[in-house]
Structure formats: C-alpha cells, structure tokens
K.L.:
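For reference, the structure I am asking about is given below.
In each ligand, atom 1 is the first atom listed, and ligand 1 is the first ligand listed.
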Amino acid sequence: MGVKKTLKKIWNKISSSDRILVTGGLGYIGSHTVVELMEAGYDVYIIDNLSNSNIDVLNGIEAITGKRPVFENIDCTDYVAMDKFFSKYEGFKAVIHFAAYKAVGESVSKPLRYYRNNILSLVNLLELMPIHKTHGFVFSSSCTVYGQPDTLPVDERSPIKPALSPYGSTKQMSEQIILDAVHASEDLHAVLLRYFNPIGAHPTSAIGELPNGVPNNLVPFVCQTAAGMHKKLKVFGDDYNTPDGTCIRDYISVVDLAKAHVKAIDRLLDEKVKKPEIYNIGTGKGQSVMEVIKTFEKVSGKRVPYEIVGRREGDIEQVWANPALANKKLKWVAEESFEDTLRSAWRWQEVVNKNSK
Ligand code: UFG
C-alpha cells in the first residue's frame, strides 16, 4: 500500500470518515467498488433494489472488509424514498451511481423500462444532491457510447456514435444530462467513467459476478460452460475484419475498475474536479473471443467446447481503450494481467458451484 493511501486510511480513522453513497452497491461492479472504498477508509452507504443483485453480497463485503456497510432496499426511481434516505443519513460527500439496467438485448425489447429506470434514477439523484448538500458525482458510463470507433485505441475525444440499443442511448443521454446539470450548477462536480468490459472477481472469491439466468456476457458464459452448465459456447461470428475473425474487446479486471472509482472520489474530494471529467477505464489491450477461450482453457485447465455461429445483432467489431488520460490525471492504471483476471473468474465460478450444491 502506498504512503498516501496509508495516510488517508489513518486520517479517515481519526477524523470522521468521508461518507459516500453507492447506488447499486450490491451489483457486480458496485460491490467490488464498495470493498475498495471501505478499504481506502471511506464510510460507505448502499442503496440497491435487488433487481439484479442479492442480499448475500453484503456478507461477502463484510467477510472481506470486516465491516457491514449500511444498506437500504430502495429503488432510485422513487424520489420520496430517496429524499427520506438522504435526510436520514445526511452529509454524503459524493454519490457513485451504478444502479441501472444493463442488458443490451433486453433493452431492445423493453425500451421504456430502460428509459424509465436509467434516466429517472439519474434525474432524481441530480435533483436531490444539491438539496442535501452533496456535491460530488461519479457516473457509470460505458465505451458503448463510442459505437465502432473510427480509430483504435479509442480516446475520450472520439465522437459519440449513434447508439445501437436503448441501453446505449440511456448511457449517452445520461452523460448529456450530467453535463447539463453541472453546467447549470455552481457546486456539482462530476466524473464520468467509461468502462470497457469488466471481468473476473475479488481475489478472495467472496464476491463476484452473479448473472441472472443464462448469462449474456462472454466470460460468465465461458465459466459456466467450463463448469458443465452449458453444452457449448456459441461464438458469435468468425468473419469479422480482425486477425482471427472474432470480435475484440478490452477486458478489464473488475477490481482494477473498482479502484478507478476510489481515485475519482479522491479527486472529487480533493476539489480537483473543476469541470466534468470523462475517463476511459480500460487496459489499453484488446483480446478476441478466441483468445479469451484459449487463455481461459490454459489458466483453468478446463475445456470450453464451442461452436461458431452467426453474428450477434448489434455487436461492435472491435474496441479497446486508450487509457492514457486516466493513467495521467486519475493516477490510475489497470494492474492485473488478463490471465490472472480470468483465473479469478474461474475460482469464483467454482465457489458459486460449491455453494449451490
Ligand atoms: N460473445 C460470444 N458468445 C457469447 C457471448 C458473447 O461470442 O455467448 C462475444 C460477443 O459477440 C462479443 C464478445 O463476446 O464479441 C463480448 O461480448 P459481451 O456480451 O461479453 O460484451 P459486449 O462488449 O457485447 O457488452 C459489454 C456489456 C455492455 C457494455 C459493453 C461495452 O455487456 O453493457 O460491453 O462494450 F455496454
């Protein structure tokens, strides 16, 4: 642990710790972020409506940190309940807003559900924060806002492309809503983090990804296939313009991603964020679907049977990050190797399987 981090931890212990609200704090990225915030000495409060998460995640957080954060089951679209929550606890220095729907395919069939949930939650928070004197905001955005970028790696100045799904639209609209709200306010400060593809689990395997039903995302499906839960993985297309014909993504460890939030909060609380700041949070490297399968097989010692099928509608051919801005200004860098991250995903899958027996 660096000297600065240790000093911050000690300072937070002797002073009253800075209070941070995490919406969606029991979800996949949310729970890992809660752990990193608590380990950095922050006093974390969680709101989650459990629509895509599980109350048992609190036990995992407690097992890792030795402390159980305050949790309330509240839907962020419920303005009155949110207002009550802010009044009850008062004094949040910042909010990290994860609570949102995120299934791309489902958003195409249920667009209004996505707009209502993702947009209303955000607007409620941005309205309530100044009333309750909370000035820092960190938002979960996505590299989906770039669509298929014209140049790779993609940096933050790349143009926003038309969204390929209502989910993508909600992320683009949300970014704009935050920029407008900051512009109109004297004391709202925001950091927008554009995530690439988070994978893996906490090294303790006490928390990880818990997909609802059959996973849409590649790595959870690979893990479940290796565990014998599916006969075969479907590889969606091998005729893309990439070296092996399969799509390329920037897969980032969820723990590294979580740590980027701590850096963003540190920066907000140090009053370094004058204008809204937008950062790519990725590794800077791209891996193809076939590389994911082969590396997973190597690190897990398991076979992943697969078949090549047609392309999945709406898939981007290739995207990976230029994370230089986050490296420089947030002083954050993705540290875990691709192999270790896949290893952690597999270890977590083994724990989930053991617990379900
Ligand atoms: N894939 C398969 N088979 C599967 C699942 C996925 O071949 O069973 C392929 C996809 O076609 C894609 C790659 O694996 O080429 C990655 O797919 P994911 O579904 O894991 O991830 P996406 O990049 O499509 O989407 C994810 C998140 C979105 C986010 C986006 C940003 O799910 O919320 O990253 O790139 F917006």
Side-chain angles (χ1 to χ4, degrees), residues 24 27-30 52 98-108 114 117-118 139-149 152-154 158 160-161 163-175 192-200 209 211-226 229-252 254 257 280-283 286-296 304-321 323 338 341-342 345:
Y28 176 43
I29 309 174
N52 189 24
F98 291 105
Y101 293 151
K102 61 169 188 177
V104 178
E106 184 192 50
S107 79
V108 177
Y114 274 68
N117 187 53
N118 294 6
F139 180 66
S140 297
S141 191
S142 165
C143 68
T144 196
V145 301
Y146 299 120
Q148 178 59 64
L152 286 165
V154 63
S158 301
I160 301 294
K161 293 281 184 67
L164 293 174
S165 68
Y167 160 78
S169 295
T170 68
K171 289 295 171 196
Q172 294 183 346
M173 286 177 190
S174 296
E175 286 200 356
L192 285 63
L193 301 180
R194 290 181 179 156
Y195 312 152
F196 284 69
N197 290 50
I199 59 166
E209 190 168 7
N212 243 353
V214 179
N216 292 309
N217 295 119
L218 178 62
V219 170
F221 203 99
V222 164
C223 291
Q224 291 191 359
T225 307
M229 294 165 69
H230 309 287
K231 251 171 79 187
K232 272 182 194 163
L233 164 77
K234 291 190 170 79
V235 173
F236 297 131
D238 69 347
D239 55 353
Y240 285 98
N241 186 23
T242 60
D244 66 20
T246 62
C247 290
I248 296 177
R249 297 286 183 275
D250 184 332
Y251 294 96
I252 175 170
V254 70
L257 175 56
N280 280 346
I281 306 297
T283 66
Q287 315 281 350
S288 72
V289 176
M290 286 313 299
E291 283 170 325
V292 172
I293 297 170
K294 293 298 157 206
T295 312
F296 180 90
V304 181
Y306 68 88
E307 62 177 328
I308 310 286
V309 299
R311 292 180 176 197
R312 183 171 72 176
E313 201 190 335
D315 261 341
I316 289 160
E317 182 174 274
Q318 44 189 327
V319 63
W320 65 94
F338 182 53
T341 311
L342 283 177

K.L.:
Of all the non-hydrogen atoms in the protein, which one sits nearest to atom 30 (C) of ligand 1, and at what distance?
P.N.:
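Of every protein heavy atom, Ser142 OG, 4.2 Å lies nearest to atom 30 (C) of ligand 1.
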K.L.:
Relative to ligand 1, is Arg311 under 4.0 angstrom through side chain, backbone, both or neither, heavy atoms considered?
P.N.:
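For Arg311, no heavy atom sits under 4.0 Å from ligand 1.
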K.L.:
Do Asn217 and Tyr28 get their side chains close enough for a donor-acceptor pair, meaning under 3.5 Å?
P.N.:
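Not at all, the side chains of Asn217 and Tyr28 share no donor-acceptor pair under 3.5 Å.
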K.L.:
Numbering the atoms of ligand 1 from 1, which are under 4.0 Å from a heavy atom of Cys247?
P.N.:
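That gives atoms 15 (O) of ligand 1.
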K.L.:
May I ask you to check whether over 12 heavy atoms, not counting those of Tyr306, lie within 6.0 Å of atom OH?
P.N.:
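Open.
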K.L.:
If you measure from each non-hydrogen atom of Lys102 to ligand 1, which part falls under 4.0 Å: side chain, backbone, both or neither?
P.N.:
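The answer is the backbone of Lys102.
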K.L.:
Can you tell me if Tyr251 contacts ligand 1 (heavy atom of the residue under 4.0 Å from the ligand)?
P.N.:
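Per 4.0 Å heavy-atom rule, Tyr251 contacts ligand 1.
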K.L.:
Mark the output for Tyr167 as yes if a heavy-atom distance to ligand 1 is under 4.0 Å, and as no if none is.
P.N.:
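The answer is yes, since Tyr167 has a heavy atom less than 4.0 Å from ligand 1.
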K.L.:
Determine, considering heavy atoms only, which of Val289, Asp250, Asn217, Val319 sits nearest to atom 27 (C) of ligand 1.
P.N.:
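Shortest heavy-atom distance from atom 27 (C) of ligand 1: Asn217.
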K.L.:
Enter the distance from Thr170:OG1 to Tyr101:OH here, rounded to the nearest 0.5 Å.
P.N.:
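Reported to 0.5 Å precision, the distance equals 12.0 Å.
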K.L.:
Nearest heavy atom to atom 24 (O) of ligand 1 wins, so pick from Arg249, Arg312, Gln318, Gln287.
P.N.:
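Ranked by closest heavy atom to atom 24 (O) of ligand 1, first place is Arg312.
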K.L.:
Do any nitrogen or oxygen atoms of Cys143 lie less than 3.5 angstrom from nitrogen or oxygen atoms of ligand 1?
P.N.:
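By distance alone, the answer is no.
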K.L.:
Using distance alone, decide if ligand 1 has a nitrogen or oxygen within less than 3.5 Å of any nitrogen or oxygen in Lys234.
P.N.:
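In this structure, Lys234 places an N or O atom under 3.5 Å from an N or O of ligand 1.
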K.L.:
Working to the nearest 0.5 Å, report the span between CD of Glu317 and OG1 of Thr246.
P.N.:
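Interatomic distance, Glu317 CD to Thr246 OG1, rounded to 0.5 Å: 10.5 Å.
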K.L.:
Using a distance-only test with no angle check, is there a side-chain donor-acceptor pair under 3.5 angstrom linking Thr242 and Gln318?
P.N.:
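Per modelled atom types, Thr242 and Gln318 side chains form no pair under 3.5 Å.
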K.L.:
Looking at non-hydrogen atoms alone, which of Asp315, Asn216, Leu233, Asn197 comes nearest to atom 22 (P) of ligand 1?
P.N.:
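Going through Asp315, Asn216, Leu233, Asn197 one by one, Asn197 has the nearest heavy atom to atom 22 (P) of ligand 1.
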K.L.:
OH of Tyr167 to OH of Tyr114: how many Å apart, nearest 0.5 Å?
P.N.:
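Taking OH in Tyr167 and OH in Tyr114, the distance rounds to 9.0 Å.
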K.L.:
If I take atom OG1 from residue Thr283 and atom CD1 from residue Ile252, how far apart are they, to the nearest 0.5 angstrom?
P.N.:
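So the gap between those two atoms works out to 6.5 Å.
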K.L.:
Step by step, would you call Val254 with Glu209 a side chain to side chain contact (heavy atoms under 4.5 Å, CB included)?
P.N.:
CA-CA 9 Å; Val254 70; Glu209 190 168 7; over 6 Å; no
